[in-house]
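Down below is the structure, laid out as structure tokens.
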Amino acid sequence: MSQKKQSLAYIISASSVGTLIEWYDFYIFGSLATVLSTKFFPTDNPTAAFLNTLATFAAGFVVRPFGALVFGRLGDLIGRKYTFMVTLMLMGGATFAIGLVPSYATIGGWAPFLVLTLRLLQGLALGGEYGGAATYVAEHSPAERRGFFTSWIQTTATVGLVISLGVIMLTRSSMSKEAFDDYGWRIPFLLSIVMVALSFLIRRNMEESPMFEKAKKEGTTSTNPLKESFGNKLNLKFVLLALFGATMGQGLVWYTGQFYAQTFLLKICNLDDIQTNTILVIGLLLGTPLFIFFGALSDKIGRKGIMLAGMAIAVFAYRPIFDKMYQTVSVNNKELVAGSEKIEETRALNAKSTVDSLVTTTTTRSYTDGATYKKVSKLVILADKTAEAPKADVKETITINDTDKWTLIGMVFLLISFVTMAYGPIAAFLVELFPTKIRYTSMSLPYHIGNGIFGGLMPAIATFLVTTAKDANKTAEEAGQAATYAKPYLEGLNYPIALVTVCVIIGFIYIKGDKKHA
């Protein structure tokens, strides 16, 4: 291998490792959303606590465009390398600090406030990281293979999610459930500081992008990247086209396939959390090589067709795929083992009160295909009968057999394949859309609005739509009326399907092939 190729391999590896760690840091929060909802929010309404956790998770995505503006400007002014060194340290520090925040039971309302603040810092950091890494790798790559080389950066988000799930699963398996819920959930956050330190040591030896160095020597760097990016009508046109004709749909396909799939299995299907994470990890690992495949393919046949095809297929495939996932887990489709249902009830003093009683009812069932069902209902009976008692805390958990598990892995793999088509070529597409002197700023903003706003809000919005549909059906049932929604568990998909469709139409009409800047 030549020195040039060795240097390029090192550049891609060093950039990818740092970006991977930042994605790991960013995703731990989402991967632990179910646990964190019980730590940083009031627990008297579990559904509201979980939605608040998803909203806090989404807040990190909402501020990503602001990070893109701040760090994109710095990247175009002082250089790519130094900017994503700063984002790495900011991300690592915020993630480590989340692992130190006391629980809501300890410090009350300060807990969600501190976590939200740290989550916002994470979002700002990620807003500057991706554009820097993608631009840095692209500006080192030969133009005819830019899709292939930048696609390695695209894998880091998925691999970061896999590692976050893997670390969580290993931590869970090394201790009891009670210990993990008590303090073990903090370990994945605290471990990140070690990985960030290693990445910092690797990145500090990297040299600046040759294209940026050349522009700097020639005096052609931008003096006002924000004005030139968004004040220039022609460039603004390409920024808006990149957003509404590419990154909006790509972001929704990405977060539907990776994050909402996890939320769907955990909270809507009530699948066991260990099985859910195992299914996701295997499905993600099987699908990850496709990022490289479609990135390389885009060098040969163009970026536009691959990206829009992935989005269009997703629009038509989402409902049947998610319906298949739901039906595979649902115990309504399984045969109960005769006499297997057991109901146990215990009564004890509520830990939060010495006078109120806590009634815990545990129902277990077994099914002929090997699946099991467990429902734990905790009901507080107040000593003061005039006060309004809190709602029962009900948790349902279903475990499935190996055959059904592989069916779900196949469904996740299909979802990831759409992600790889939409996401694999997009770094090269965005880099080539804008000139070197304003590239970091111009590409970062549409990318992070598409992914941070439209994509990042997806799990929270979809979960809200499903909850609303279920409540509407329950209200109709209580009134003796027909159900409002035939399949309420699919209502969350209306959000990505509608907006991805809009993106495909805009991209198909207005993106004229591939515009290429050096």
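All values derive from a computational prediction rather than experimental measurement.
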For residues [X] and [Y], establish whether the separation of their ring centroids is below 6.0 Å.
X      : Y      : result
Phe40  : Trp185 : yes
Tyr373 : Tyr367 : no
Phe454 : Tyr255 : no

Could you check whether any side-chain N or O of [X] sits under 3.5 Å from a backbone N or O of [Y], counting only pairs where one atom can act as donor and the other as acceptor?
X      : Y      : value
Ser176 : Ala179 : yes
Ser340 : Ser366 : yes
Thr463 : Ala460 : no
Lys334 : Thr328 : yes
Ser330 : Gln327 : no
Ser192 : Pro188 : no
Asn401 : Asp369 : yes
Thr247 : Pro446 : yes
Thr256 : Val253 : no
Thr155 : Trp152 : yes

Which distance, rounded to the nearest 0.5 Å, do you find between the CG of Leu465 and the OH of Tyr495?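 One gets 10.0 Å once the value is rounded to the nearest 0.5 Å.
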
I want to check something: taking the side chain as every heavy atom from C-beta on, are [X] and [Y] in contact at a cut-off of under 4.5 Å?
X      : Y      : value
Met307 : Gln250 : no
Phe264 : Cys269 : yes
Lys378 : Leu358 : yes
Val394 : Val376 : no
Val466 : Pro488 : no
Val159 : Leu284 : no
Thr397 : Asn270 : no
Leu336 : Arg365 : yes

Apply side chain to side chain donor-acceptor pair (under 3.5 Å) to Thr372 and list each qualifying residue two or more places apart in sequence or on a separate chain.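 Once residues adjacent in sequence are excluded, the partners of Thr372 under the side chain to side chain donor-acceptor pair (under 3.5 Å) criterion are Thr399.
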
Note: Lys375-Glu396 ion pair, threshold 4.0 Å (strictly below):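 Here Lys375 does not pair with Glu396 in a salt bridge, since their nearest N and O are not under 4.0 Å apart.
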
I'd like to know if Asp272 and Lys405 make a salt bridge, using a cut-off of under 4.0 Å between side-chain N and carboxylate O.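 No, no charged N to carboxylate O under 4.0 Å.
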
Stepwise, does the side-chain hydrogen bond (donor to acceptor under 3.5 Å, both in side chains) test hold for Thr95 with Gln122? CA-CA 7 Å; Thr95 303; Gln122 284 187 318; 2.7 Å; yes

Taking only residues two or more places apart in sequence or in another chain, which ones pass ring-ring contact (aromatic ring centres under 6.0 Å, His included) with Tyr326?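 Checked Tyr326 against ring-ring contact (aromatic ring centres under 6.0 Å, His included); matches are Tyr489.
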
Glu478 atom CD: more than 12 heavy-atom contacts under 6.0 Å: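 Yes, the 6.0 Å shell around CD holds more than 12 heavy atoms from other groups.
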
Please check if atom NZ in Lys470 has more than 12 non-hydrogen atoms from other residues, nucleotides or ligands closer than 6.0 Å.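 Enclosed: over 12 neighbouring heavy atoms sit under 6.0 Å from NZ of Lys470.
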
Quick one, Ile268 with Tyr260, criterion side-chain contact (heavy atoms from CB on, under 4.5 Å). Give me CA distance, side-chain angles, the key distance, then yes/no. CA-CA 10 Å; Ile268 298 173; Tyr260 185 61; 3.4 Å; yes

Would you name the heavy atoms of [X] and [Y] that are closest together and state the gap between them?
X      : Y      : answer
Gln154 : Ala427 : OE1-CB, 3.5 Å
Gly251 : Asn451 : CA-OD1, 3.4 Å
Val329 : Ile400 : CA-CG2, 4.2 Å
Ala246 : Cys503 : N-SG, 3.4 Å
Pro459 : Thr263 : CB-OG1, 4.4 Å
Ile306 : Pro425 : CG2-CG, 4.0 Å

Strictly by modelled atom types, are [X] and [Y] linked by a side-chain donor-acceptor pair under 3.5 Å?
X      : Y      : answer
Thr363 : Glu341 : no
Ser103 : Thr106 : yes
Gln262 : Asn277 : yes

Quick one, Asp273 with Lys267, criterion salt bridge (charged side-chain N to carboxylate O under 4.0 Å, His left out). Give me CA distance, side-chain angles, the key distance, then yes/no. CA-CA 10 Å; Asp273 55 356; Lys267 303 299 293 186; over 6 Å; no

List the steps, then state whether side-chain contact (heavy atoms from CB on, under 4.5 Å) holds for Gln258 with Ile416. CA-CA 7 Å; Gln258 293 192 175; Ile416 299 305; 3.5 Å; yes

Checking Leu415 against Phe322 for the side-chain contact (heavy atoms from CB on, under 4.5 Å) test, could you report, in this order, the C-alpha distance in whole Å, the side-chain angles of both residues, the deciding distance, and whether it holds? CA-CA 10 Å; Leu415 293 174; Phe322 278 89; 3.9 Å; yes

Run the numbers on Val331 and Ile398 for side-chain contact (heavy atoms from CB on, under 4.5 Å), then give the verdict. CA-CA 8 Å; Val331 294; Ile398 299 170; 4.0 Å; yes

How are the rings of Tyr447 and Tyr423 set to each other: parallel, tilted or perpendicular (split at 30° and 60°)?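 Judged by the thresholds at 30° and 60°, the geometry between Tyr447 and Tyr423 is parallel.
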
